[in-house]
Amino acid sequence: MNDLSMSNPKTKITVWSLVFVLIAGAFYWYLIKPQFNGVKELESQIQKQQQKLATLQLALQREKVLLAENEQMENRIKQLEKILPPERNEFLFSEEFQAVAKLCGVTIDNLQFSSRRPKGVPANTVPFTIQISSSRIDNIYYFFTHLAEFPQIVNVSKLSISKGGNAGGGFSPVSNKLKNYSVNVSGIIYLSQRK
């Protein structure tokens, strides 16, 4: 019984050690542990905010790219408005088709411009049908290659190629050979929307 007395130095050390451990445990449990939880929560919030910041920075970069693309498109539209004819001019279009055909070694057997637009075709267009023929398929390929570089934008909607036709009199004035290939094309020529 004497051993449990407070006057005993061993008991004092044990009690004070126990009190110190309890105080340290309470200090950790009530003060430090909530701080760790708060730090973890703050780290989680910081990580979310960093993700949002990264997303916003990416959006800002993308916005700059989109604005640059928009400016390029506006410049292209302005250039196209200068290139595209403002009104229908069948004579000019026919002359351009003839020049391309002569350059590529094909014969134009038939060329027509329609006043009726097919359904869904924009109002600022001129529909056309053309039949060309050539003794060489390469010449037809060159014709379409040059047609893609036409001063006006030409959109081909239908194309059919047949072999063995001689619809334009049988012989090509360019090569004096039998026309082996005949091509029928339908498409539209775009006009400018400027006034």
Any side-chain heavy-atom pair from Leu111 and Ser94 closer than 4.5 angstrom? yes
Can you get from Ile161 to Tyr141 by hopping between Ile, Leu, Val, Met, Phe, Trp and Tyr side chains that sit under 4.5 Å apart? no
Close side-chain approach of Phe128 to Ile130, heavy-atom, < 4.5 Å: yes
Would you name the heavy atoms of His146 and Cys104 that are closest together and state the gap between them? ND1-SG, 3.4 Å
When rounded to the nearest 0.5 angstrom, what distance separates CD1 in Ile188 from OG in Ser114? 12.0 Å
Interatomic distance, CD1@Ile23 vs CH2@Trp16, rounded to 0.5 Å, equals 7.5 Å
Out of curiosity, Thr55 OG1 to Leu60 CG, how far, rounded to the nearest 0.5 Å? 12.5 Å
State whether the number of non-hydrogen atoms from other residues, nucleotides or ligands found under 6.0 Å of Gln45 atom CD is greater than 12. yes
Consider only side-chain heavy atoms of I, L, V, M, F, W and Y, link residues closer than 4.5 Å, and tell whether Ile132 and Leu103 are in one cluster. no
Using 0.5 Å steps for rounding, measure from the CG atom of Asn70 to the CG atom of Asn75. 9.5 Å
Sequence neighbours excluded, the answer for side chain to side chain donor-acceptor pair (under 3.5 Å) partners of Asn110 is none
Qualifying residue for side-chain contact (heavy atoms from CB on, under 4.5 Å) with Leu66, from Arg62, Glu63, Lys64: Arg62
Using a 4.5 Å cut-off on heavy atoms from C-beta on, say whether the side chain of Phe97 contacts that of Leu147. yes
State whether a side-chain donor-acceptor pair under 3.5 Å links Asp109 with Ser133. yes
What heavy-atom pair brings Ser134 and Gly105 nearest, and what distance separates the two atoms? OG-O, 3.5 Å
Glu69 atom CD: more than 12 heavy-atom contacts under 6.0 Å: yes
Output for pair (Ile13 CD1, Leu18 CG), nearest 0.5 Å, gives 13.5 Å
Side-chain heavy-atom pair Tyr142, Ile137 within 4.5 angstrom cut-off: no
Evaluate the side-chain proximity of Val183 to Phe144: yes if any heavy-atom separation is below 4.5 Å, no if none is. yes
Not counting sequence neighbours, which residues clear side chain to side chain donor-acceptor pair (under 3.5 Å) with Gln112? List them please. none
Is the closest side-chain heavy-atom distance between Ile108 and Gln131 below 4.5 Å? no
To the nearest 0.5 Å, what is the distance between OH on Tyr181 and OG on Ser162? 11.0 Å
Kindly indicate, with the supporting measurements, whether the criterion side-chain contact (heavy atoms from CB on, under 4.5 Å) is fulfilled by Ile189 and Phe113. CA-CA 10 Å; Ile189 298 172; Phe113 297 97; 4.1 Å; yes
